[in-house]
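A short write-up of the structure that comes next.
We use all heavy atoms of the structure for the numbers below, so side chains are in, but hydrogens, waters and symmetry mates are not. When a ligand or atom number is given, it counts from 1 through the structure's own listing order.
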Amino acid sequence: MDYDAQLDSALDRLHQEGRYRTFIDIARDKGHFPHAVWHRPDGREQPITVWCGNDYLGMGQHPVVISAMHEALDAVGAGSGGTRNISGTTVYHKRLEAELADLHGKESALLFTSAYIANDATLSTLKVLFPGLIIYSDALNHASMIEGIRRGGGLKRIFRHNDVAHLRELLEADDPAAPKLIAFESVYSMDGDFGPIKALVELAEEFGALTYLDEVHAVGMYGPRGGGVAEELGLMGRIDIINATLGKAVGVVGGYIAASAKMCDAIRSYAPGFIFTTSLPPVIAAGAAASVAHLKTDRALREKHQTQAKILKLRLKGLGLPIIDHGSHIVPLIVGDPVHTKMISDMLLSDFGIYVQPINFPTVPRGTERLRFTPSPVHGPKEMDALVRALDSLWSHCALNRAELAG
Ligand SMILES: Cc1ncc(COP(=O)(O)O)c(C=O)c1O
């Protein structure tokens with residue numbers, strides 16, 4: 001085979017469809033986030049404001065987090081030096097797991113190097129732990145859940161997004177005695193809509209199924225102590241396994257599940273994605289633990305976050321822009337075409353110093369390409385004004401452009 005030609009044609013396809021991904025090289029400015037510097041391809045540096053990050057609450061620069069990380073680094077050095085089983089379990093890991101178990105009102109929590117790995121490793125291992133397990137998965141579940149379910153093999157059923165009636169039909173069609181698990185998310189990150197958690201839990205109880213909830217886009221931001229949407233709804237105790245990340249609202253990196261002690265023990269003992277990999281550096285665990293502990297008490301930060309999202313949505317709606325509003329903190333602006341989405345994103349960046357990455361297929365369906373804004377408590381009125389003004393002027397420019405292309 002001509003390997004180079006094969007790679008060229010794979011990459012050409014992406015270019016032709018306008019969805020070749022270009023990474024924007026930025027340096028965040030600690031203490032001044034969302035301000036950052038863009039290292040342009042031409043070698044120049046340009047100040048920018050980040051509007052698409054998932055450091056939703058600005059915890060990546062919070063003094064409590066930074067000082068916990070400094071302390072841990074000075075105390076024990078850089079890496080953990082091993083897998084959890086072989087010298088890589090430290091007091092920092094244990095403390096963070098206790099903090100997370102407490103956050104979700106569960107007996108235990110189990111750390112992974114990311115929420116992607118946590119989803120993939122846990123879901124694939126559940127198929128091993130429960131032979132014959134049927135997994136019912138929401139059609140818009142994250143790639144990491146899809147991958148875990150696929151890799152685990154065995155039976156799976158995909159229910160239409162948030163369609164409880166469709167899920168019921170699928171459950172009714174299967175052997176009542178078969179072990180079952182329903183996997184879904186609390187906040188779907190691309191549209192910002194909520195999963196019908198209560199209805200899904202009720203259905204699971206009726207059919208004797210386990211529940212698996214991904215709270216990656218909710219932990220830290222929803223619930224009285226930041227335990228997520230399940231906490232807000234008083235449903236944490238009825239969910240069997242909660243998954244989330246330490247890389248978004250918590251502001252560091254890593255992922256975890258929280259569940260019963262027995263469930264965590266079994267996953268810990270059987271999941272290759274947990275067993276055969278170096279554990280998170282203690283410095284990361286220390287920063288994440290400080291962040292989670294802080295977020296349990298900082299309701300004002302959560303309220304400010306929601307207020308910021310409401311203001312941005314109101315202002316963009318006021319301009320007549322086609323945003324999706326499901327009442328969450330995520331503000332997607334639908335452009336509907338990969339080339340235009342990239343064009344607007346490029347112009348926002350180079351002409352206005354506003355960074356929002358274009359979101360294309362396969363992350364979202366074709367024809368719904370979008371810009372996804374993530375307002376946070378650290379975006380001030382000045383930044384918000386600049387964004388709204390830039391979008392106002394660019395949107396009309398692009399509408400003209402689109403009309404020209406269509407004509
Ligand atoms: C719903 C969902 N689950 C899991 C993940 C993976 O999280 P992490 O970045 O910690 O791997 C993401 C990442 O964007 C996500 O959106």
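When only interatomic distances are considered, the shortest N/O to N/O separation between Tyr116 and ligand 1 falls below 3.5 Å. In terms of polar-atom proximity, Ala115 is counted as a contact of ligand 1, with an N or O under 3.5 Å from an N or O of the ligand.
At a 4.0 Å heavy-atom cut-off, ligand 1 touches Asn119 through the side chain alone. Contacts with ligand 1 closer than 4.0 Å are made by side-chain heavy atoms of Ser144 only, the backbone lying farther away.
Remark: minimum distance from atom 13 (C) of ligand 1 to any protein heavy atom is reached at Lys248 NZ, 3.2 Å. Nearest to atom 16 (O) of ligand 1 among the protein's heavy atoms is His217 NE2, 2.6 Å.
Side-chain contact check for Asn141 and Asp214: no donor-acceptor pair (N or O, by modelled atom type) lies under 3.5 Å. Donor-acceptor pairing under 3.5 Å is lacking for the side chains of Asp12 and Tyr20. No hydrogens or angles considered: a donor-acceptor pair under 3.5 Å links the side chains of Asn54 and Arg372.
Ligand-side atoms of ligand 1 in range of Glu185: 1 (C), range being under 4.0 angstrom from any heavy atom. Ligand 1 places these atoms under 4.0 Å from at least one heavy atom of Thr245: 8 (P), 10 (O).
In this structure, Met145 falls outside the shell of residues with a heavy atom less than 4.0 angstrom from ligand 1. Heavy atoms of Gly247 stay at 4.0 angstrom or farther from ligand 1.
The neighbour count for Arg299 CZ, taken as heavy atoms of other residues, nucleotides or ligands under 6.0 Å away, does not exceed 12.
When the options Asp214, Val250, Val253, Leu246 are ranked by their closest heavy atom to atom 3 (N) of ligand 1, first place goes to Asp214.
Judged by the 6.0 Å and 45° rule, Arg268 forms no cation-pi pair with Phe274.
Using bins of under 30°, 30° to 60° and over 60° for the plane-to-plane angle, the ring pair His217/Tyr56 lands in the perpendicular bin.
Close placement of the Tyr256 and His104 rings is indicated, their centers lying within 6.0 Å of each other.
Taking the charged nitrogens against the carboxylate oxygens, Glu107 and Lys262 have no contact shorter than 4.0 Å, which rules out a salt bridge.
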